[in-house]
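The structure appears right after this line, and notes come after that.
Worth knowing before you read on, the calculation uses all heavy atoms, side chains too, and leaves out hydrogens, waters and symmetry mates. Bear in mind that the values here come from a model prediction, so they are computed numbers and not experimental data.
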Amino acid sequence: MTARLPAPLAESLLAEARRDGIGKYVVGALITDEDGRVLLLRRRPDDFLGGLWELPSGGVDPGERLVDALCREVLEETGLTVTGVTGHAGTFDYASRSGLRTRQFTFAVTVGATGPVAPTEHDDSIWADRGDLPAVSDETRALLAG
């Protein structure tokens with residue numbers, strides 16, 4: 001894996017989450033194409049928050065490094081391979097399906113190719129213009145607004 005995330009940044013983000021009493025960590029990927037559109041995946045109707053569009057994201061396993069979880073989740077959810085992490089795009093908190101306080105750390109990433117996208121845990125994918133987003137959470141909308 002060639003993707004890198006500076007250790008001090010990861011340590012700082014996790015230390016702050018622990019201080020804030022966060023019980024679960026999630027990583028999200030901000031992937032853009034050559035036209036600046038962002039990749040979004042739609043949650044299956046029968047899933048938690050069904051029908052909502054979101055960035056590729058998923059849980060960090062116990063003991064797993066953030067960058068490893070990020071690369072794993074992008075590959076699992078889209079079939080795309082992360083080749084680099086270009087920055088921390090933002091963080092937001094929410095209550096998970098189980099009620100745990102969850103923090104999503106979102107990182108801007110580069111991928112080897114932007115397609116084809118092969119969603120496995122979602123029912124659709126789109127490349128969306130940030131100014132014309134489908135149904136996304138308020139947190140995702142704010143993160144994409146910068």
Side-chain angles (χ1 to χ4, degrees), residues 1-20 22-44 47-94 96-97 100-146:
M1 175 183 338
T2 59
R4 302 241 186 273
L5 176 63
L9 173 59
E11 291 166 12
S12 171
L13 292 171
L14 291 170
E16 185 176 317
R18 283 190 295 272
R19 244 188 344 265
D20 293 346
I22 300 298
K24 181 178 178 181
Y25 308 134
V26 168
V27 288
L30 177 57
I31 305 169
T32 55
D33 68 6
E34 61 279 353
D35 296 322
R37 297 174 302 174
V38 64
L39 178 61
L40 296 174
L41 306 174
R42 186 173 60 199
R43 298 183 72 88
R44 295 180 191 278
D47 196 4
F48 178 65
L49 302 174
L52 203 62
W53 292 86
E54 64 184 359
L55 297 170
S57 58
V60 178
D61 293 335
E64 187 176 31
R65 294 179 331 145
L66 292 180
V67 70
D68 293 338
L70 181 65
C71 294
R72 177 182 52 77
E73 285 293 342
V74 169
L75 183 61
E76 287 176 4
E77 291 197 350
T78 69
L80 303 177
T81 301
V82 172
T83 57
V85 179
T86 59
H88 177 233
T91 301
F92 60 84
D93 297 346
Y94 63 96
S96 71
R97 177 187 341 212
L100 284 176
R101 285 189 62 204
T102 302
R103 180 158 296 167
Q104 179 170 317
F105 307 103
T106 301
F107 300 95
V109 302
T110 55
V111 291
T114 54
V117 176
T120 58
E121 300 173 11
H122 298 78
D123 68 359
D124 202 1
S125 66
I126 59 168
W127 291 96
D129 184 313
R130 292 180 195 223
D132 187 25
L133 295 172
V136 297
S137 69
D138 291 341
E139 294 85 359
T140 298
R141 187 173 304 281
L143 187 135
L144 293 174

- Could you go step by step and tell me if Leu39 and Asp33 meet the side-chain contact (heavy atoms from CB on, under 4.5 Å) rule? CA-CA 8 Å; Leu39 178 61; Asp33 68 6; over 6 Å; no

To the nearest 0.5 Å, how far apart are [atom1] in [X] and [atom2] in [Y]?
X: Glu77; Y: Ser57; atom1: CD; atom2: OG; result: 5.5 Å
X: Ser137; Y: Leu143; atom1: OG; atom2: CG; result: 9.0 Å
X: Phe92; Y: Asp138; atom1: CZ; atom2: CG; result: 10.5 Å
X: His122; Y: Leu40; atom1: NE2; atom2: CG; result: 10.0 Å
X: Asp124; Y: Arg42; atom1: CG; atom2: CZ; result: 4.5 Å
X: Arg43; Y: Glu54; atom1: CZ; atom2: CD; result: 4.5 Å

- Message: I'd like to check the side chain to side chain contact (heavy atoms under 4.5 Å, CB included) partners of Thr110; sequence neighbours left out, ordered by chain and number.
- Response: Thr83, Thr86

- Task: Show your reasoning for whether salt bridge (charged side-chain N to carboxylate O under 4.0 Å, His left out) applies to Arg44 and Asp123.
- Result: CA-CA 5 Å; Arg44 295 180 191 278; Asp123 68 359; over 6 Å; no

- For residues 5-20, pull every pair meeting side-chain hydrogen bond (donor to acceptor under 3.5 Å, both in side chains), keeping only residues two or more places apart or in separate chains.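 Output for this query lists Asp20-Arg103.
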
Do [Y] and [X] meet the salt-bridge criterion of a basic N to acidic O distance under 4.0 Å?
X: Arg72; Y: Glu64; result: yes
X: Arg65; Y: Asp68; result: yes
X: Asp47; Y: Arg97; result: yes
X: Asp129; Y: Arg37; result: no

Could you tell me if the side chain of [Y] sits less than 4.5 Å from the side chain of [X], heavy atoms only?
X: Val60; Y: Phe105; result: no
X: Thr81; Y: Leu75; result: yes
X: Arg101; Y: Asp93; result: yes

For [X] and [Y], work out which heavy atoms get closest and say how close.
X: Gln104; Y: Val27; result: CG-C, 4.3 Å
X: Ile126; Y: Pro134; result: CD1-CG, 3.6 Å
X: Leu80; Y: Pro116; result: CD2-O, 3.8 Å
X: Tyr25; Y: Ala17; result: CE2-CB, 3.6 Å
X: Ile31; Y: Pro56; result: CD1-CG, 4.2 Å
X: Ala89; Y: Ala108; result: CB-N, 4.1 Å

- Task: Before giving the answer on side-chain contact (heavy atoms from CB on, under 4.5 Å), spell out for Leu55 and Thr106 the whole-Å C-alpha distance, their side-chain angles and the decisive distance to 0.1 Å.
- Result: CA-CA 9 Å; Leu55 297 170; Thr106 301; 3.8 Å; yes

- Query: Under 3.5 Å, side chain of Thr120 to main-chain N/O of Glu76, donor-acceptor pair present?
  - Reply: yes

- Apply side-chain contact (heavy atoms from CB on, under 4.5 Å) to the pair Leu5 and Leu70, showing each step before the final yes or no. CA-CA 10 Å; Leu5 176 63; Leu70 181 65; over 6 Å; no

- Query: Who pairs with His88 by ring pair (Phe, Tyr, Trp, His ring centres under 6.0 Å), at least two apart in sequence or on another chain?
  - Reply: Phe107

- Query: Going through the checks in order, is the side-chain contact (heavy atoms from CB on, under 4.5 Å) test met by Leu30 and Leu144?
  - Reply: CA-CA 9 Å; Leu30 177 57; Leu144 293 174; 3.5 Å; yes

